[in-house]
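Residue numbering restarts at 1 for every chain, and letters A, B, ... go by the order of the sequence lines.
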Number of protein chains: 4
Amino acid sequence: MFIELDLQSETPLYTQLIDQLIEGIASGELKPGEPLPSVRSLAEDLGINLHTVNKSYNLLKQEGFLQVHRKKGVIVQPDGMPGVTQEFEEKLRRTLRSLAAETAVRGMTEEAFVQQSRSIYRDILTNRGGEQR
Amino acid sequence: MFIELDLQSETPLYTQLIDQLIEGIASGELKPGEPLPSVRSLAEDLGINLHTVNKSYNLLKQEGFLQVHRKKGVIVQPDGMPGVTQEFEEKLRRTLRSLAAETAVRGMTEEAFVQQSRSIYRDILTNRGGEQR
Amino acid sequence: MFIELDLQSETPLYTQLIDQLIEGIASGELKPGEPLPSVRSLAEDLGINLHTVNKSYNLLKQEGFLQVHRKKGVIVQPDGMPGVTQEFEEKLRRTLRSLAAETAVRGMTEEAFVQQSRSIYRDILTNRGGEQR
Amino acid sequence: MFIELDLQSETPLYTQLIDQLIEGIASGELKPGEPLPSVRSLAEDLGINLHTVNKSYNLLKQEGFLQVHRKKGVIVQPDGMPGVTQEFEEKLRRTLRSLAAETAVRGMTEEAFVQQSRSIYRDILTNRGGEQR
DNA sequence: GTGGTCTAGACCACC
DNA sequence: GTGGTCTAGACCACG
């Protein structure tokens, strides 16, 4: 799986990593039970510190997206992904709220906003998002 | 206008303030040309630091949502809100991407996600937002 | 509050710290809302690395025993401690199971085991445990 | 005797093995003098590494719960189990302390804690333990 | 070789 | 001055 980090971005590296891994799972590129690269090797591949990768893995494990298997190493959660928790719903609402408000102020219509949401959701499911193709 | 900050939140105070002010504009609670409280008084009302309010105002001014007059003080942009810039589009896409991915992984359908987006957009316009707890 | 770490122990420093802080809360030495020393100062006091303290604080925050307040710094959870979650119950059962089994094999009676549990529970509540007094 | 290991657990495999063997002895399922499976066969049965089983057996032998004979292989200590050593007492106290503190903070009463201890101790003696899920 | 833990030192955002 | 993040390098337990 192809992962690209933006070292200049304000969003922490570990957050970017988490996002990309979740996208990988959403798109089906990373399948349940599939092993992920070891902390060290991924860190090396990405040119970042192993602790940063570790933090991402740990947070994802903690939320139930990954499992840390003795010997197998880190694998994608094989026993069903976590559902829509209350925390997630709140985070979703808060984030959409902020986005929608600015969107509205800037004059983007409801329909445009909704369409944007829809098309991005689809992009993700259909493997490989709306960037370079 | 009623503003509520969460001191324990991960999101910085100045960001929360910005969000709420933008929501105020979006809902029509804050009308173009309308004066905002002075940095000093708002800071006092909210029980936060002067600098924090200042930072929020400055960022909003920089993006064109507010104007700062020597005499009138701070007012809501009367000459038309900034439109959909490229930076905003990118931010919008990036944020929606991240949200949509996690949404999908957690098993929320496209339709649910889209409906959520729509209803939140509407909520904001109709001013019913902000403290649904 | 007096905290003592055993650098020789097998149990990680951050775990020892967590244990002592929880005991402090249990005994009432640390009261809800009370501020804890900053990550840096505590690390210095204990002669350990600030990251280690950080990890402890974060885990305790995550479980709901602490809050990280903007400006106030870290404080003991003022809004009621987390209750008996399912995870905790499982951990409790697992740990007691292991202990009880070895206890039984070594010939300690049920009554002795139970008395030990009771007296330790009391010790903790009555400020300052059963060590040096 | 039925042994079940959790590959995802935080507790090392060899510790889990030790726990289960001790429970077996406590419950009477494993009787003094009774032979245990060879390192090789047990490792195979459990699908784990030879070294892991070996480590468990060695630690148990070291503490006096097992004997290793050239001919008979590994057997449960026939000459009386080790009693309550000072090390064990300390471990027991430390562990109970940590548990009791968290228990108390979470609002479980002394009586509930004590009852839990008692019932688990009994469970183990009456062999009903191990797989209550 | 794997993840877990700890240390040391550094920069930054926030208040 | 506070916590958050990142890096670098090291040791250890585990399998």
Side-chain angles (χ1 to χ4, degrees), chain A residues 5 7 9-17 35-44 46-59 61 66-75, chain B residues 5 7-17 43 46-56, chain C residues 5 7 9-17 35-44 46-59 61 66-75, chain D residues 5 7-17 43 46-56:
Chain A
L5 301 180
L7 297 179
S9 167
E10 324 200 286
T11 51
L13 292 177
Y14 79 88
T15 305
Q16 295 183 45
L17 222 193
L36 261 53
S38 81
V39 173
R40 276 170 180 78
S41 68
L42 183 52
E44 201 172 349
L46 298 176
I48 63 179
N49 191 281
L50 98 181
H51 288 110
T52 308
V53 176
N54 207 331
K55 183 167 189 177
S56 302
Y57 275 8
N58 268 322
L59 286 171
K61 162 189 156 195
L66 300 183
Q67 271 188 8
V68 178
H69 231 74
R70 297 211 170 282
K71 36 196 349 172
K72 282 194 212 170
V74 180
I75 62 174
Chain B
L5 301 180
L7 292 178
Q8 304 155 46
S9 165
E10 313 254 290
T11 47
L13 291 180
Y14 80 90
T15 305
Q16 293 182 48
L17 223 191
L46 298 176
I48 63 178
N49 197 300
L50 280 182
H51 299 8
T52 309
V53 177
N54 215 331
K55 182 165 188 177
S56 302
Chain C
L5 301 180
L7 297 179
S9 166
E10 326 198 284
T11 52
L13 292 177
Y14 79 90
T15 305
Q16 294 182 46
L17 222 192
L36 261 52
S38 80
V39 172
R40 277 170 178 77
S41 69
L42 183 52
E44 201 172 349
L46 298 176
I48 63 178
N49 192 280
L50 98 182
H51 288 109
T52 308
V53 176
N54 207 330
K55 183 166 190 177
S56 302
Y57 274 8
N58 269 322
L59 285 171
K61 162 188 157 198
L66 300 183
Q67 272 188 8
V68 178
H69 233 72
R70 298 210 172 281
K71 36 194 351 172
K72 282 192 213 169
V74 181
I75 62 174
Chain D
L5 301 180
L7 291 179
Q8 304 154 46
S9 165
E10 313 254 289
T11 47
L13 292 180
Y14 80 89
T15 305
Q16 294 183 46
L17 224 191
L46 298 176
I48 63 180
N49 197 300
L50 280 183
H51 299 8
T52 309
V53 176
N54 216 331
K55 183 166 188 176
S56 302

Review point. Which residue lies toward the 5' end of DNA chain E, C:N49 or D:E10, if each is placed at its nearest nucleotide?
Key: D:E10
Revision key, fill the gap. Picking from F:dG15, E:dG4, F:dG4, the nucleotide nearest the side-chain atoms of D:P12 would be F:dG15
Exercise for review: Considering just the side-chain nitrogens and oxygens of A:K55, establish if one lies under 4.0 Å of OP1 or OP2 belonging to F:dT5.
Suggested key: yes
**Study point:** Pairing partner of E:dC14 (Watson-Crick or G-U wobble, both distances under 3.5 Å)
**Key:** F:dG1
Check your understanding: Rounding to a whole Å, what distance do you find between C:H51:NE2 and E:dG4:C1'?
Key -> 15 Å
Exercise for review: For the pair D:T11 (side chain) and D:Q16 (backbone), establish whether a donor and an acceptor sit closer than 3.5 Å, ignoring hydrogens and angles.
Suggested key: no
Point to revise | Whole-Å distance separating the CG atom of B:L7 from the P atom of E:dC14 | key: 15 Å
Point to revise | Atom pair distance, as rounded to whole Å: CG in C:L50 and P in F:dC6 | key: 15 Å
**Study point:** Interatomic distance, A:I75 CD1 vs E:dG3 P [rounded to whole Å]
**Key:** 12 Å
Review point. More 5' along DNA chain F: D:T11 or C:G73, using each one's nearest nucleotide?
Key: C:G73
Point to revise | Check: D:Y14 main-chain N/O paired with D:S56 side-chain donor or acceptor under 3.5 Å | key: yes
Practice item. Check whether any side-chain heavy atom of B:V53 sits under 4.5 Å from a side-chain heavy atom of B:I48, and report yes or no. Key: yes
Revision key, fill the gap. To the nearest angstrom, the CD-P distance between A:Q16 and F:dG4 comes to 19 Å
**Study point:** Between F:dG15 (C1') and D:I48 (CD1): distance, integer Å
**Key:** 9 Å
Study note, to complete from the structure: Per atom distances to the A:T52 side chain, the nearest of E:dT2, F:dT5, F:dT7 is F:dT7
Exercise for review: Counting heavy atoms from C-beta on, name the nucleotide in E:dG4, E:dC6, E:dC11 closest to the side chain of C:L13.
Suggested key: E:dC6
Review point. How long is the line joining CD of C:E44 and C1' of E:dA8, in whole Å?
Key: 14 Å
**Study point:** Residue pair A:L42 / A:Y57, side-chain heavy-atom distance below 4.5 Å
**Key:** yes
Exercise for review: Step through the shown structure and confirm whether more than 12 heavy atoms of other residues, nucleotides or ligands are within 6.0 Å of NE2 on C:H69.
Suggested key: yes
Practice item. Return the value, rounded to whole Å, for the distance between atom CG of A:N54 and atom C1' of F:dA8. Key: 15 Å
Revision key, fill the gap. Comparing nearest nucleotides in DNA chain F, the 5'-proximal residue of the pair C:R40, D:T15 is C:R40
Review point. Which of these nucleotides, F:dG4, F:dT2, E:dC6, is closest to any side-chain atom of C:Y14?
Key: E:dC6
